[in-house]
Amino acid sequence: MYFVYFMSIFIANWKMNPVTLQEAKQLFNLMEKKIKSKNTEIIICPPFIYLEPLSKLLQVTSYKPQAKLGAQDVFWEEKGAFTGEISVTMLKEIGCQYVIIGHSERRQYLKETDEMVNKKVKATLKKNLIPIICIGESLKQKQNNKRDFIIFNQINKALEGVSVKKNQKIIIAYEPIWAIGTGHSINSQEAEDSIKKIKYAIINLYSLNLVQNNFQIIYGGSVDSTNIKSFIDQSTIDGVLVGGASLKIDEVVKMIE
Ligand code: PEP
């Protein structure tokens, strides 16, 4: 038996924030200045229009090599009459390496389906970008004891027909919808239990070797500096996806350090 070592992942999902590019650059520069740790892979996911200017900042400053950029969404077609959409190639061209896919806010407000998530995952892997696939149950589903069913279902649909090459990475973010943006994170044992279920679901689809080498599973939902350690301390949790707290520089520094 052997163990694969991954750096812990910290994904900052800025959502539709900050309101100006100037503020975005300021936050980005403060992160560069104040974060000393080199043991965490930091993936910053700003709104689309900030990706290019921030990518330029990454090139001109001596920003930590473990800092990367991710988009908050992508479209599955390469080009054409798809008003308002952005393709994988466009993201790659401006230095983006990761893409959040199937965030619950997109599923809820933009009616994104599991089928759409699946198409986006395939398009992303085809061009060698790393998908961050978000899954998780609603409060009602949890109360009706449907959590495991939802997890299996979302994983199976997101990864249906998806072949993963040896050198490709996939991140799965377990984000219970009722914990996102509410200030009520879940108990870390409960997160660990869900993540184990996610692992079983993936093992049903791929070889154990591939699951160990190519998949990372993280937790998201009201993570902040007071609770991050309880999640990171769980052996199956490879990192965190942080929304609200990722916009507060002091919180970010405390969480990463
Ligand atoms: C998120 O945006 O996926 C998220 C986890 O947000 P928050 O940390 O604010 O709950």
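Counting starts at 1 for both ligands and their atoms, following the listed order.
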Atom 5 (C) of ligand 1: closest protein heavy atom, distance to 0.1 Å, is Glu175 OE2, 3.1 Å
Min over Cys45, Gly181, Pro176, Ser104 of heavy-atom distance to atom 10 (O) of ligand 1 lands on Gly181
Contact region, Thr182 to ligand 1, non-hydrogen atoms below 4.0 Å, reads neither
So for Ile180 against ligand 1, with non-hydrogen atoms under 4.0 Å, the contacting part is both
Nearest heavy-atom approach of Thr226 to Asp224 is OG1-OD1, 2.6 Å
Under 30°, 30 to 60°, or over 60°: which ring-plane class applies to Tyr219 and Phe231, parallel, tilted or perpendicular?
parallel
For a quick check under 3.5 Å, do Gln72 and Trp14 share a side-chain donor-acceptor pair by atom type? no
The closest protein heavy-atom partner of atom 9 (O) of ligand 1 is Gly244 N, 2.8 Å
Gly221 heavy atoms within 4.0 Å reach ligand 1 at atoms 5 (C), 10 (O)
Numbered in order shown, the ligand 1 atoms found under 4.0 Å of a heavy atom of Leu241 are 1 (C), 3 (O), 5 (C)
closest protein heavy atom to atom 8 (O) of ligand 1 is Gly243 N, 2.8 Å
Exercise. Among side-chain atoms of Gln216 and Lys169, is any donor-acceptor pair under 3.5 angstrom?
Worked result: yes
protein heavy-atom neighbour closest to atom 1 (C) of ligand 1 works out as His103 NE2, 3.2 Å
Subject >> Test item: side-chain donor near acceptor, Asn118 and Asp114, under 3.5 Å >> reply: no
Any side-chain heavy-atom pair of Asp73 and Ile100 under 4.5 Å:
no
Judged by atom type as modelled, is there a donor-acceptor pair below 3.5 Å linking the side chain of Gln59 to the main-chain atoms of Lys56?
no
